[in-house]
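Below: one structure, written as structure tokens.
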Amino acid sequence: MSFLKKFFTNVFHDGQIHEDQSSFEDLSEAQLDAHLRIASYGGFSLTDAVRPSFDLQVVPSAGYRHDVYKDRATGVEIPVIMAAASSDTMMDVFIDLLEPLGDQVDVVLETSHDRNSNGHDDLYREHIDAPVFKSILYDFEDMLLNDGCTGIAVLNPNIPLELQFDEHKLLIMYGQELGEFEEILNSCGLRRDQDIKFITEAEHVHSSRDEFHSMFDELKYRLGIDEIY
């Protein structure tokens, strides 16, 4: 097994990597190591969770854009805001974005720790008080920021709005009324850019560590969830 294949098998799970056209394919160990050590581009700092392609098909940057999600089954279109924040402000932005969801929320933990291919499992917890939930998030801040196998979604079916903090550490907001989310993004220093590209829109790799898997299990326990949804 080549170093690169062993590297992806043991350390990374692939995001949108296709070996016949991967920018990582012909790299030496030194080149790969140097690329993975790059933690910032301009003023934008990455978490440890994900890295862009070696040829930088997308250069990570801060900002947000409006989009539309179309449900294939129903044809219903749902407005979306996608945002990226620098790692030094990311958790605070996420916590601030919880405000429009109200005082009690439902939580979905997303995990791909036990998967060898694309996709993830969802674990659901209904009706948790928002202040309690925020306190737990801060206790697991390191894992939530730096584990490329963990994502979290928060929703209030009674509004309805949904906020995702996904495995790529993007912030994604769904709902018919997204104005309050946008105000928060602007107050956090993020600006709308309809031309912004996100790391998910090109080849990229995810990173995780064994201790994050253990911490994920502890987070499940703290949230009182243990069933796959």
Side-chain angles (χ1 to χ4, degrees), residues 39-50 60-69 78-110 122-148 150-194 196-200 212 215-216 219 222-225:
S40 63
Y41 292 87
F44 184 87
S45 298
L46 294 164
T47 72
D48 292 340
V50 67
S61 61
Y64 69 90
R65 77 174 191 228
H66 287 259
D67 214 322
V68 175
Y69 169 78
I78 302 173
V80 177
I81 294 177
M82 295 184 63
S86 188
S87 63
D88 53 326
T89 62
M90 189 178 296
M91 181 59 74
D92 289 336
V93 176
F94 177 47
I95 294 294
D96 287 349
L97 287 170
L98 292 172
E99 193 64 28
L101 297 175
D103 295 330
Q104 194 172 76
V105 296
D106 294 356
V107 177
V108 183
L109 285 183
E110 302 169 350
D122 293 339
L123 301 98
Y124 204 94
R125 160 69 195 269
E126 294 182 324
H127 310 313
I128 183 170
D129 289 338
V132 174
F133 177 58
K134 292 176 183 179
S135 177
I136 293 172
L137 289 177
Y138 278 121
D139 289 343
F140 290 86
E141 180 174 1
D142 181 50
M143 184 203 70
L144 291 170
L145 288 178
N146 296 301
D147 183 14
T150 293
I152 191 164
V154 191
L155 59 148
N156 186 335
N158 297 320
I159 296 181
L161 293 170
E162 180 173 339
L163 168 65
Q164 291 185 6
F165 182 34
D166 77 352
E167 293 180 339
H168 309 90
K169 310 315 165 189
L170 296 177
L171 297 160
I172 308 168
M173 293 134 271
Y174 298 87
Q176 295 298 329
E177 301 293 335
L178 300 176
E180 193 170 354
F181 285 131
E182 186 165 14
E183 290 178 5
I184 293 169
L185 292 172
N186 288 328
S187 71
C188 292
L190 297 178
R191 295 294 174 257
R192 181 175 178 176
D193 178 1
Q194 285 301 114
I196 192 173
K197 295 296 183 183
F198 298 107
I199 203 167
T200 53
F212 287 153
M215 292 176 70
F216 183 87
L219 176 58
R222 289 279 301 276
L223 290 173
I225 57 178

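The ring pair (Phe, Tyr, Trp, His ring centres under 6.0 Å) test applied to Phe216 returns His113, not counting sequence neighbours. Taking Arg65 as the reference, Asp67, Glu201 meet the salt bridge (charged side-chain N to carboxylate O under 4.0 Å, His left out) condition, with sequence neighbours excluded. Partners of Phe165 according to the ring pair (Phe, Tyr, Trp, His ring centres under 6.0 Å) rule, which considers only residues two or more places apart in sequence or in another chain, are Phe94.
Across all non-hydrogen atoms, the minimal contact from Ile78 to Gly175 is CG2-N, 3.6 Å. For the residue pair Gly63 and Leu190, the shortest heavy atom distance occurs at N-CD2, 3.9 Å. Nearest approach of Leu137 to Ile152, heavy atoms of both residues: CD2-CD1, 3.9 Å. For the pair Gly148 and Glu167, the tightest heavy-atom approach, listed with the atom from each and the gap, is O-CB, 3.6 Å. Taking all atoms of both residues into account, the shortest heavy-atom contact from Ala84 to Leu170 is CB-CD2, 3.9 Å. When every heavy atom of Ser86 is checked against every heavy atom of Gly43, the shortest pair comes out as OG-O, 3.9 Å.
Atom NZ of Lys197 and atom CG of Asp193 lie 10.0 Å apart (nearest 0.5 Å). For the atom pair Gln164 CD and Ile172 CD1, the distance stands at 5.0 Å (nearest 0.5 Å). Put simply, CD on Glu182 and CD on Glu177 are 12.0 Å apart, with the number rounded to the nearest 0.5 Å. Distance CG/Asn158 to CG/Leu101: 11.5 Å, rounded to 0.5 Å. Atom CE of Met91 is separated from atom CG of Leu145 by 4.5 Å, given to the nearest 0.5 angstrom. In this structure, CD1 in Ile95 is found 7.0 Å from CZ in Phe133, a value given to the nearest 0.5 Å.
Using a 4.5 Å heavy-atom cutoff, the side chains of Arg222 and Phe140 are in contact. In this structure, Asn146 and Thr47 have side chains that are in contact, with non-hydrogen atoms separated by less than 4.5 Å. Using a 4.5 Å heavy-atom cutoff, the side chains of Met82 and Phe198 are in contact. A 4.5 Å side-chain heavy-atom check between Leu185 and Leu97 finds at least one atom pair inside the cut-off. Within the 4.5 Å cutoff, the side chain of Asn186 has heavy atoms near those of the Arg191 side chain.
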side-chain contact (heavy atoms from CB on, under 4.5 Å) between Thr89 and Cys188, worked out: CA-CA 8 Å; Thr89 62; Cys188 292; over 6 Å; no
Kindly indicate, with the supporting measurements, whether the criterion side-chain contact (heavy atoms from CB on, under 4.5 Å) is fulfilled by Leu144 and Leu219. CA-CA 10 Å; Leu144 291 170; Leu219 176 58; 4.2 Å; yes
Given the rule in the side-chain contact (heavy atoms from CB on, under 4.5 Å) test, do Ser61 and Ile196 qualify, once you have shown the distances and angles that lead to the verdict? CA-CA 8 Å; Ser61 61; Ile196 192 173; 3.7 Å; yes
Residue pair Ile81, Leu171: steps toward the side-chain contact (heavy atoms from CB on, under 4.5 Å) verdict: CA-CA 8 Å; Ile81 294 177; Leu171 297 160; over 6 Å; no
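The backbone N or O of Pro79 lies less than 3.5 Å from no partner atom in the side chain of Gln176, so there is not a single donor-acceptor pair. Looking at Lys169, its side chain does come within 3.5 Å of a backbone N or O of Asp147 through a donor-acceptor pair. Side chain of Asp166 to backbone of Gly151: no donor-acceptor contact under 3.5 angstrom is found.
More than 12 non-hydrogen atoms from other residues, nucleotides or ligands lie less than 6.0 angstrom from CD of Glu126. More than 12 heavy atoms of other residues, nucleotides or ligands lie within 6.0 Å of CD in Glu141, so this atom counts as buried by the packing criterion.
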